[in-house]
Amino acid sequence: MTGQENTINTCIQMLQHIMEDNTIPRNIRRVADETRSVLMDDSKTIGLRAATAISMIDEVSSDPNMPVHARTRIWELVSQLESVPLD
């Protein structure tokens, strides 16, 4: 497994934790689920999956209803995804 695949798998696990956290609003958990599906789609390149996921997560990162701990996780997730080259 390459470093990029490890990064994607780590991000999928982070999204899973967000989805399972009931203190996070439902709309944000739904976007986390959709983003996880994008990252798991092997029909696209890793770079494209990462870029799409960043775009999706970025939209909800400014949600005023998001708890502070969730916002920190989102920023960490985006930081991980930004390390994946677009190729």
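Just so you know, these numbers come straight off a predicted model, no measurement behind them.
- Looking only at side-chain heavy atoms (C-beta outward), Ser61 and Asp58 come within less than 4.5 Å of each other.
- No continuous path of ILVMFWY side-chain contacts below 4.5 Å connects Ile46 to Leu48, so the two sit in separate hydrophobic clusters.
- Using a 4.5 Å heavy-atom threshold, the side chains of Met40 and Ile8 count as separate.
- Side-chain contact between Ile18 and Ile74: present, with at least one pair of heavy atoms (C-beta onward) separated by less than 4.5 Å.
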message = With side chain to side chain contact (heavy atoms under 4.5 Å, CB included) as the criterion, how do Arg73 and Met14 come out once you've worked through the C-alpha distance, each side chain's angles and the decisive distance to 0.1 Å?
response = CA-CA 8 Å; Arg73 284 189 195 170; Met14 292 169 73; 5.5 Å; no

Could you go through Leu77 and Thr10, starting from their C-alpha distance and side-chain angles, then the distance that decides it, and tell me whether this counts as side chain to side chain contact (heavy atoms under 4.5 Å, CB included)? CA-CA 9 Å; Leu77 175 68; Thr10 301; over 6 Å; no

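- Between Asp42 and Arg49 the shortest side-chain heavy-atom distance falls below 4.5 Å.
- For Asp21, the side chain to side chain donor-acceptor pair (under 3.5 Å) test picks out Thr23, His69, with sequence neighbours left out.
- Using a 4.5 Å heavy-atom threshold, the side chains of Glu59 and Val31 count as separate.
- Note on Val60 and Met19: separate hydrophobic clusters, where clusters join Ile, Leu, Val, Met, Phe, Trp and Tyr whose side-chain heavy atoms are under 4.5 Å apart, directly or indirectly.
- One hydrophobic cluster, built from ILVMFWY side chains closer than 4.5 Å, cannot hold both Ile12 and Val38; they sit in different ones.
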Could you walk me through whether Gln80 and Glu76 satisfy the side-chain hydrogen bond (donor to acceptor under 3.5 Å, both in side chains) test, starting with their C-alpha distance in whole Å, then the side-chain angles of each, then the deciding distance to 0.1 Å, before giving a yes or no? CA-CA 6 Å; Gln80 287 280 325; Glu76 184 181 347; 5.4 Å; no

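- Panel note: side chain Thr72, backbone Val68; a donor-acceptor pair is recorded below 3.5 Å.
- Arg36 places no side-chain N or O within 3.5 Å of a backbone atom of Gln16 that could act as its donor or acceptor partner.
- In this structure, the side chains of Asn9 and Leu39 stay at 4.5 Å or more apart for every pair of heavy atoms.
- Checking side-chain atoms of Ser37 against main-chain N and O of Asp33 turns up a donor-acceptor pair under 3.5 Å.
- With values rounded to the nearest 0.5 angstrom, Ile28 atom CD1 is found 3.5 Å from Met66 atom CE.
- When side chains are defined from C-beta on, Met56 counts as touching Glu34, because their heavy atoms get closer than 4.5 Å.
- With Arg71 contributing its side chain and Asp63 its backbone, the two residues share a donor-acceptor pair below 3.5 Å.
- In terms of heavy-atom proximity, Leu86 sits nearest to Gly47 at CD2-O, 3.5 Å.
- Between Leu81 and Thr7, every side-chain heavy-atom pair lies at or beyond the 4.5 Å cut-off.
- Considering NE2 of His17 and CD1 of Ile24, their distance stands at 11.0 Å, rounded to 0.5 Å.
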